[in-house]
*Asks:* 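So that we are looking at the same thing, I have put the structure below in structure tokens.
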Amino acid sequence: MSWSPIHGQGGTTVNVAALASMFAIEYPSHSLITHTQLTYSPLELLFGKGNYAKGFETSGMTGLERLVKSQKLQPNTVRDYTETVYAKRLDILAGTKNKSYEQGLIEAVLSNATDAYDLLWIDAHSGSRNEITNNLLQEADIVLVNLPQNRFVLDRFFSGADFPEILKDKELIILISSYDENSSFSIKAIKRLYKTKLPMYPILYSHQFKDAANHQLLSEFFYKYKENRKEQPAYDYIYSLKAVNKVIAKKTGLYSNREDVDE
């Protein structure tokens with residue numbers, strides 16, 4: 001589950017989209033990516049799934065809502081309402097335009113999806129005032145906490161002001177978004193300042209990735225750079241994603257005995 005204590009600064013959506021894409025290319029597993037916004041999220045648009053964002057009646061959460069209401073939803077039927085990002089590796093489940101959606105819709109869909117996929121990637125609503133977010137934080141196996149390289153935000157999170165009680169016993173991975181390697185607020189400095197031993201990783205800034213996101217070409221971007229050779233312009237960015245995915249692969253058991261999978 002990808003989450004941030006603040007809105008608009010943590011990179012919650014772009015980070016989970018990038019990690020899920022890279023994971024799908026690297027590891028032999030079938031994943032689903034979706035979000036909890038329901039009525040609006042840029043997630044679909046990042047992958048160029050604009051029609052889904054507009055809300056076809058037979059796709060995404062809109063289509064599944066009927067099955068939830070009639071208690072006919074089954075794990076295998078969830079896939080019928082998704083769209084493929086990478087064949088047999090990554091599917092995306094879009095939201096709905098229905099602002100008065102069925103209560104418990106997301107929870108019911110994700111409960112069934114758990115049996116249909118190896119891994120679920122969830123782009124969660126930021127903050128701790130959303131009931132669905134809190135419910136899913138409680139159920140998540142791993143929470144990716146997205147933070148900017150911003151002392152005010154970091155102060156509030158590590159002081160406990162923006163650290164929900166529900167996270168205290170969870171498996172957390174801290175992601176520092178749009179990471180500037182030349183900043184004095186490095187990963188080592190952050191860990192030292194806040195005296196934290198939580199696993200923390202940088203997600204580097206990449207203008208190539210940003211351009212791909214703006215042009216709704218994420219799936220093409222990651223396929224293009226999947227080999228990640230050092231001479232490629234997005235090498236450092238891709239490398240930072242791979243480092244996080246190695247940890248996720250190990251913690252979820254979804255890796256093929258790779259010697260390079262470590263914490």
Side-chain angles (χ1 to χ4, degrees), residues 1-4 10-36 43 46-47 75-76 78-79 82 84-93 106-125 132-147 164 166-177 187 196-203 218-219 222-223 226 228 237-263:
M1 184 168 172
S2 183
W3 173 85
S4 178
T12 308
T13 300
V14 291
N15 285 348
V16 73
L19 290 166
S21 298
M22 201 68 237
F23 197 98
I25 289 173
E26 282 198 283
Y27 297 91
S29 58
H30 197 174
S31 300
L32 176 69
I33 186 169
T34 189
H35 59 85
T36 64
L43 184 65
L46 289 173
F47 291 102
N76 290 337
V78 174
R79 291 187 183 180
T82 65
T84 299
V85 176
Y86 297 117
K88 297 181 180 180
R89 289 297 186 95
L90 181 63
D91 297 337
I92 183 170
L93 179 66
I106 287 183
E107 291 89 342
V109 169
L110 295 182
S111 176
N112 280 273
T114 298
D115 294 327
Y117 289 92
D118 298 312
L119 190 63
L120 304 185
W121 299 83
I122 304 169
D123 173 24
H125 194 280
I132 295 174
T133 293
N134 291 335
N135 290 342
L136 294 179
L137 282 174
Q138 192 164 20
E139 297 296 325
D141 294 312
I142 300 172
V143 179
L144 305 174
V145 180
N146 301 269
L147 298 169
I166 201 169
L167 292 182
K168 290 189 176 178
D169 296 319
K170 303 300 295 186
E171 186 84 61
L172 304 181
I173 299 176
I174 308 297
L175 304 179
I176 306 298
S177 303
I187 294 288
T196 179
K197 294 183 179 179
L198 289 172
M200 187 179 300
Y201 296 88
I203 301 295
L218 249 63
S219 56
F222 287 105
Y223 193 79
K226 64 179 180 178
N228 200 35
Y237 172 69
I238 297 294
Y239 185 85
S240 71
L241 297 177
K242 284 173 171 281
V244 176
N245 276 342
K246 284 179 184 179
V247 178
I248 293 173
K250 184 174 183 178
K251 291 183 181 297
T252 58
L254 294 174
Y255 63 94
S256 302
N257 297 320
R258 295 186 176 194
E259 293 181 0
D260 61 347
V261 175
D262 55 32
E263 295 186 30

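Here the structure is a predicted model, which means the values were calculated and not measured.
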*Asks:* I'd like to check Thr34 versus Leu110 (side-chain heavy atoms, cut-off strictly below 4.5 Å). Are they in contact?
*Replies:* yes
*Asks:* Does the side chain of Arg79 reach to within under 4.5 Å of the side chain of Leu32, using non-hydrogen atoms?
*Replies:* no
*Asks:* So do the side chains of Leu137 and Lys170 get within less than 4.5 Å of each other, counting heavy atoms only?
*Replies:*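 Not in contact.
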*Asks:* Closer than 3.5 angstrom, by distance alone: can the side chain of Thr36 be matched with the main-chain N or O of His125 as a donor-acceptor pair?
*Replies:* yes
*Asks:* Measuring from Ile33:CD1 to Phe23:CZ, what's the distance to the nearest 0.5 Å?
*Replies:* 12.5 Å
*Asks:* Just checking, any donor-acceptor pair under 3.5 angstrom between side chains of Asn146 and Ser2?
*Replies:* yes
*Asks:* Do Thr84 and Thr82 come close enough that some side-chain heavy atom pair is under 4.5 Å?
*Replies:* no
*Asks:* Just checking, any donor-acceptor pair under 3.5 angstrom between side chains of Asn135 and Glu107?
*Replies:*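 Indeed, the side chains of Asn135 and Glu107 share at least one donor-acceptor pair under 3.5 Å.
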*Asks:* Do Ile238 and Met22 have side-chain heavy atoms sitting under 4.5 Å apart?
*Replies:*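 Yes; the side chains approach each other to less than 4.5 Å.
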*Asks:* What's the spacing between Ile25 CD1 and Tyr86 OH if we round to 0.5 Å?
*Replies:*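 Interatomic distance, Ile25 CD1 to Tyr86 OH, rounded to 0.5 Å: 3.5 Å.
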*Asks:* Could you check whether any side-chain heavy atom of Thr196 comes within less than 4.5 Å of a side-chain heavy atom of Ile174, counting everything from C-beta outward?
*Replies:*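 Not in contact.
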*Asks:* Do we see a donor-acceptor contact under 3.5 Å between the side chains of Asp91 and Tyr117?
*Replies:* yes
*Asks:* Between Trp3 and Val145, is a side chain to side chain contact (heavy atoms under 4.5 Å, CB included) present by the stated rule, with each step listed?
*Replies:* CA-CA 5 Å; Trp3 173 85; Val145 180; 4.0 Å; yes
